[in-house]
Amino acid sequence: MNKIKKTETEWRAELTPEQYHVLREKGTERPFSGEYDHTFDPGTYTCAGCGAELFASDAKYDSGCGWPAFSAPANQEAIEEESDRSHFMRRTEVLCASCGGHLGHVFPDGPHPTGLRYCINSAALKLEEE
Ligand code: FE
């Protein structure tokens, strides 16, 4: 399903160490540390790995959780979801559909109308401001 395939060496050369850790090693940045945690400028959040459009700023809200939170993706085709049972938790992982990069997780405690909270690492995103 992923359209973009690169070797780990290529990803490592293109991404910053933090981007690589999140996107390719399923890492999580420290809460309240990310570049976009408290950004509410209008624009489009693209994948830091491949540039695919992932989230619109309209869907971003202040969840207080320490990471950028969105109530919905830009479109359903932009992301993929997978069940994640690591760290003794049952969570749903969110990945970029284009490059397979790890973005974060989605939780069922978001605002109306979707009821979803896409909890996404800043390091996986790049804001293209309007
Ligand atoms: Fe991507």
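Both ligands and their constituent atoms are indexed starting at 1 by order of listing. Hydrogens, waters and symmetry mates are skipped; everything else that's a heavy atom, side chains included, is used.
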Side chain [X], main chain [Y], donor-acceptor under 3.5 Å:
| X | Y | result |
| --- | --- | --- |
| E25 | V22 | no |
| N121 | E29 | yes |
| K60 | H38 | no |

Notebook entry, point to check: What's the count of protein N, O or S atoms under 2.8 Å from the Fe ion (ligand 1)?
Noted result: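 My tally for this metal is 4.
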Check: Looking at Y61 versus F40, is the centre-to-centre ring distance below 6.0 Å?
Finding: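 No; F40 has its ring centre 6.0 Å or more from that of Y61.
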Check: Is the number of heavy atoms from other residues, nucleotides or ligands under 6.0 Å of E53 CD greater than 12?
Finding: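 Open.
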Check: Quick one: do the T39 and D41 side chains pair a donor with an acceptor below 3.5 Å?
Finding: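 Side chains of T39 and D41: no pair found under 3.5 Å.
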